[in-house]
Amino acid sequence: RYEDLDGKVWKKQIIDRDFSILDENIVDECDAKLLAEKFCADNEQRMRAYMSALGYLINRYKTQENCPVIDFADEDMVEGESRGGTGKGLTLKMVKQIRNVVTIDGKSFDTTKTFAFSRVNPDTDVILIDDIDKRYDFQKLFSLVTEGLPIEKKYQNEIYIDFKDAPKWAITRNHPLAGSGGSFDRRLFSIEIHPFLSANYTPSDFLGKELFNWDEDEWLKFDNFMMHCAKLYLKFGLVKPEYVNLEVNKLKANTRVDFVEWADEHLREGGRYNKKDLRIQYATDNNVNKVTQHSFNKWLKLYFEFKGWRYDFEVGAGKSYV
């Protein structure tokens, strides 16, 4: 009973549903789990990663060394194409059935704006930046994720939520996200959503009924499924999936789409290339007017790392080679 707990809980965090533990075979028939399996392309390892991400978001445990932003992205994103209805939002709706989630429009999100977090309260569990803007510098979130959160509300004094009580973070996106380095990788845990659903094929089409419009038995299955997610995370931590397109999309975001396609065609393992000649050839082939040698060299390095190739830069006879 709540009165027997050592401490206090926010009233808003109490869920008005009865709970009991069900056999696992019953939970396997849960609508939410059946749908989640499709989000993971019926791949067991991806499903474990997906469940661990849900488990991370629905419990309060975190450390400053391990508090990533959970990133839900379309598996088959296409440059310049905005997509919805694939399951990213539905995944966060699952979290909303367990935790208090504040959703912020990613297109207008700006951490420097006054009142940017005015809807966040001390009982908020998760902040969701929905459809984060392509141009947003993700690294601006780092200090907010790893430290406490200052909140300004109109006509009120600023309040500060300490790290241990601050919400966790999630984002959804349908475009590649630029950024690289150890700090970037530690602060972002990505889940690719398989394109099982679309504007023409909804959860109701798959399940034969409306999601979250359930009777008590289905709610109990759902709650058990979510507790399985929490238990999986607490036992194994965040389980990294085998990514389908995440790494190549990240490479394109940190270079250019036409550069990656050009490099796939022109660069081979075991080759020795004049870096200046490569840049000129790339610029000519793709009608690119302005690309500095410094930028091009960075792109080459990122491409080689993506391919898993060992590389050396060398200088000889006044020329630079790779």
Side-chain angles (χ1 to χ4, degrees), residues 27-28 30-77 86-104 106 124-132 138 141-142 145-146 166-174 176-177 179 184-197 203 211 222-247 249-250:
V27 180
D28 287 341
C30 165
D31 286 352
K33 184 173 184 180
L34 294 173
L35 197 55
E37 289 172 339
K38 297 303 179 184
F39 294 162
C40 301
D42 291 314
N43 180 287
E44 182 178 350
Q45 201 267 350
R46 287 179 66 177
M47 183 65 176
R48 282 172 57 81
Y50 179 92
M51 289 177 64
S52 74
L54 289 183
Y56 170 81
L57 288 173
I58 66 171
N59 78 77
R60 298 287 297 173
Y61 176 75
K62 62 178 179 176
T63 66
Q64 287 183 307
E65 293 76 28
N66 186 21
C67 54
V69 175
I70 305 299
D71 161 44
F72 295 97
D74 288 326
E75 174 189 306
D76 63 341
M77 61 182 65
T86 57
K88 304 184 298 293
L90 279 177
T91 297
L92 270 300
K93 282 186 178 179
M94 294 182 194
V95 176
K96 288 181 180 180
Q97 310 310 312
I98 303 294
R99 288 299 191 186
N100 296 327
V101 179
V102 167
T103 302
I104 298 176
T124 299
D125 298 302
V126 177
I127 296 175
L128 166 63
I129 312 301
D130 187 35
D131 194 10
I132 196 164
F138 177 76
L141 277 183
F142 285 177
V145 172
T146 57
K168 293 183 177 181
W169 294 77
I171 64 173
T172 64
R173 60 185 174 92
N174 51 31
L177 195 63
F184 183 91
D185 293 338
R186 285 194 307 274
R187 296 295 175 229
L188 195 71
F189 183 82
S190 298
I191 295 291
E192 291 176 306
I193 301 296
H194 182 68
F196 176 73
L197 298 180
L211 203 63
F222 169 78
D223 289 334
N224 270 263
F225 169 64
M226 297 299 279
M227 295 309 106
H228 278 292
C229 295
K231 187 167 70 170
L232 188 149
Y233 168 70
L234 291 171
K235 188 171 183 178
F236 299 105
L238 287 166
V239 180
K240 190 171 183 178
E242 295 177 0
Y243 292 119
V244 180
N245 295 314
L246 185 85
E247 296 301 334
N249 285 330
K250 181 179 174 182

Donor on one side chain, acceptor on other, Thr172 and Asp130, under 3.5 Å: yes

Distance in Å, Leu188 CG paired with Phe184 CZ, rounded so as to fall on 0.5 Å steps: 5.0 Å

For Thr124 and Pro167, which heavy atoms make the closest approach, and how far apart are they? O-CG, 3.6 Å

Do NZ/NE/NH1/NH2 and the carboxylate oxygens of Lys250 and Asp185 come within less than 4.0 Å? yes

Considering only heavy atoms from C-beta outward, does the side chain of Pro68 approach that of Tyr56 to under 4.5 Å? yes

Here the gap from Ile58 atom CD1 to Met226 atom CE, rounded to the nearest 0.5 Å, amounts to 4.5 Å

Would you say Tyr233 and Leu238 make side-chain contact, with heavy atoms under 4.5 Å? yes

How long is the span from the OG1 atom in Thr103 to the CG atom in Asp131, to the nearest 0.5 Å? 12.0 Å

Cation-pi check, Lys240 to Phe189: give yes when NZ or CZ is under 6.0 Å from the six-membered ring centre and within 45° of the ring axis, no otherwise. no

Ile171 vs Leu177 side-chain heavy atoms within contact, under 4.5 Å: yes

Positive for side-chain contact (heavy atoms from CB on, under 4.5 Å) with Leu128, one of Leu57, Leu92, Ile104, Val102: Leu92

Within the distance-only criterion (no hydrogens, no angle test), does the side chain of Ser52 pair as donor or acceptor with the backbone N or O of Val239 below 3.5 angstrom? yes

For a 4.5 angstrom cut-off between non-hydrogen side-chain atoms, does Asn59 reach Leu234? yes

Could you tell me whether the side chain of Val69 reaches within less than 4.5 Å of the side chain of Arg187, counting heavy atoms only? no

Passes side chain to side chain contact (heavy atoms under 4.5 Å, CB included), Cys30 versus Asn224? Steps please. CA-CA 9 Å; Cys30 165; Asn224 270 263; over 6 Å; no

So do the side chains of Phe222 and Met94 get within less than 4.5 Å of each other, counting heavy atoms only? yes

Does Asp125 pair with Arg60 as a salt bridge, N-O distance under 4.0 Å? yes

For Gln64, does the CD atom have more than 12 heavy-atom neighbours from other residues, nucleotides or ligands under 6.0 Å away? yes

Indicate the atoms forming the closest heavy-atom contact of Asn245 with Glu192, along with that distance. N-OE2, 2.8 Å

Could you walk me through whether Leu90 and Leu197 satisfy the side chain to side chain contact (heavy atoms under 4.5 Å, CB included) test, starting with their C-alpha distance in whole Å, then the side-chain angles of each, then the deciding distance to 0.1 Å, before giving a yes or no? CA-CA 10 Å; Leu90 279 177; Leu197 298 180; 3.8 Å; yes

From CG (Asp28) to CZ (Phe225), nearest 0.5 Å: 9.5 Å

Any side-chain to backbone donor/acceptor pair from Lys88 onto Asp74? Under 3.5 Å, distance only. no

Could you check if a side-chain atom of His228 sits within less than 4.5 angstrom of a side-chain atom of Lys33, using non-hydrogen atoms only? no

His194 side chain near Phe39 side chain, heavy-atom distance below 4.5 Å: no

Rounded distance (nearest 0.5 Å) linking atom OG1 of Thr91 with atom CD1 of Ile70: 12.0 Å

Only pairs at least two apart or in different chains count here, so list each salt bridge (charged side-chain N to carboxylate O under 4.0 Å, His left out) that has a residue in residues 39-54. Lys38-Asp42, Arg46-Glu75

Is there a donor-acceptor contact under 3.5 Å from the side chain of Glu247 to the main chain of Tyr243? no

From Ile193 atom CD1 to Cys40 atom SG, the distance as rounded to the nearest 0.5 Å: 6.5 Å

